[in-house]
Amino acid sequence: MVEDQKQEVGSSATIASDLPKGVALLADLATNLNNATATFDVLAEKIKNGELNSAKGLSLLELKNQSFLTYMANLVYLTLRKLKDRLVEARVVLERIRPLEDKLKYQIDKHVKTAADGVVSADDTLRLTGNLDNIVSSSDDDEEKEVTSKVKKTDDEEQKIYKIPKITQAHYDGEAKKNEAKEKARRRTLNSSMLRDALLEHTEDPEVVYNNDVLKQRAIKKRRELEVFEEENMIRKVVSRRDKAAMRQMTTLGTMGSEILGFNTMDALQHDYDPSAPAAKRQKTGKSSKSKGKGKFKGKKGFKKQKHRF
Amino acid sequence: FCVDPKHEIMGKESETTATVRTRKFLTNRLLNRKQMVVDVLHPDRATVPKSEIKEKLAKMYKTTGDVVFCFGFRTAFGGGKSTGFALIYDTLDYAKKIEPKYRLVRQGLLEVKKTARKQRKERKNRMKKARGTAKAKLAAATKK
């Protein structure tokens, strides 16, 4: 902290000395520019009027004129380039700083506030750390001394070891994964055979009956793919045992059983579905079927009774 | 039912005939050959040997049998049909240049001399004992 302050003071001193010089130079520049433009205007007028015709003059001087002109032109171009570049550079730097500033916004605001107030607020959460000295057991004097010395040592060590300051927040990707899981579960229920059968009632398309089962289709597709590849490249591919088995797959209860026997719940289609949470058990409500029936009959009987009354 | 121009019926060799059909015919100018996929239909018969197929292809394409190389024949499940590939070179020279060694050996155009396995292993063990230039000398001496 002290070193930083010293550096600041030093740079400000140099700035203070250079400032009047810089201002004077700028003023000089302005006056010189004015003079130059005045003379140039006069010259330009003369040239336009054709007073300065150098056709019959000395060729050497003509050469001198031309080289001067080119020199001036190039010089002007150079200065322009330099100025331009500086500007662009400065702009780029500023643009890069902006997101960093955004990230550090909280920290900066806090520091500014502390600097302005001069006192750290009482309910500052970051300052609430445990006091290590108080965690020492009060059984032995020697132990206490050891512990305190250890604490001192660690302090020194800590100052030497560089610890990464926890300024920015680490990126947490949990939300995206959750959404993905949700999407997957949703897709799974939508494409399940149960829902498909249910939706078949309501579509107006003609019902298509395929000859093959889904799994067999996959095997057939795979085999066809391989065949095409082999015939295209005139090469016989070595198919591993597992792949061979996959190609020869038959639909058995083992492979398709889960589809047939699994009753998918519609939970995944709910808006607030959480795939990681344990599946909600279906609770047995107080209203059992018996009582429902009784209620119904009551109503009917009642109605009938009323009718009779009429 | 389309009539296939390259369609040859084999007989005499066995009780039932076998049909050789070619598909995906391509003239490979870069390698000076014609390459195709060969379908052999042979109901009631075992897989047709490559030599037979070679002769029939040669007749179909009006070349000699030594420039025809067939390989990769796989019989479909249940038998009756096998599929493989065939290459027919323009000349034998090109064939010798381009075909891989093992296929030339199958055809009988190339002879690979192989010393007995036991001899090779003994030689290797003898070489293990020598070091440097002595090793090179030993290698030259024992090599046939």
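None of these values were measured; they are calculated from a predicted model. Residue numbers begin at 1 in each chain, while the letters A, B, ... track the order of the sequences.
Heavy-atom pairs under 4.5 Å with chain A were tallied for Lys24(B), Arg74(B), Met36(B), Gln35(B); the largest tally goes to Arg74(B).
Within 6.0 Å of atom CD in Glu122(B), more than 12 heavy atoms from other residues, nucleotides or ligands are found, so the atom counts as buried in its surroundings. Counted within 6.0 Å of NZ on Lys182(A), heavy atoms from surrounding residues, nucleotides or ligands total more than 12; the atom is thus considered enclosed. Heavy atoms from other residues, nucleotides or ligands lying under 6.0 Å from NZ of Lys118(B) number 12 at most. Taking a 6.0 Å sphere around CZ of Phe25(B), one finds it holds more than 12 heavy atoms contributed by other residues, nucleotides or ligands.
Heavy atoms of Leu26(B) lying under 4.5 Å from chain A are absent altogether.
Taken from CD in Glu231(A) to CZ in Phe85(B), the straight-line distance is 6.0 Å, to the nearest 0.5 Å.
The two residues Phe71(B) and Met234(A) come nearest to each other via the heavy atoms CE1-O, 3.7 Å.
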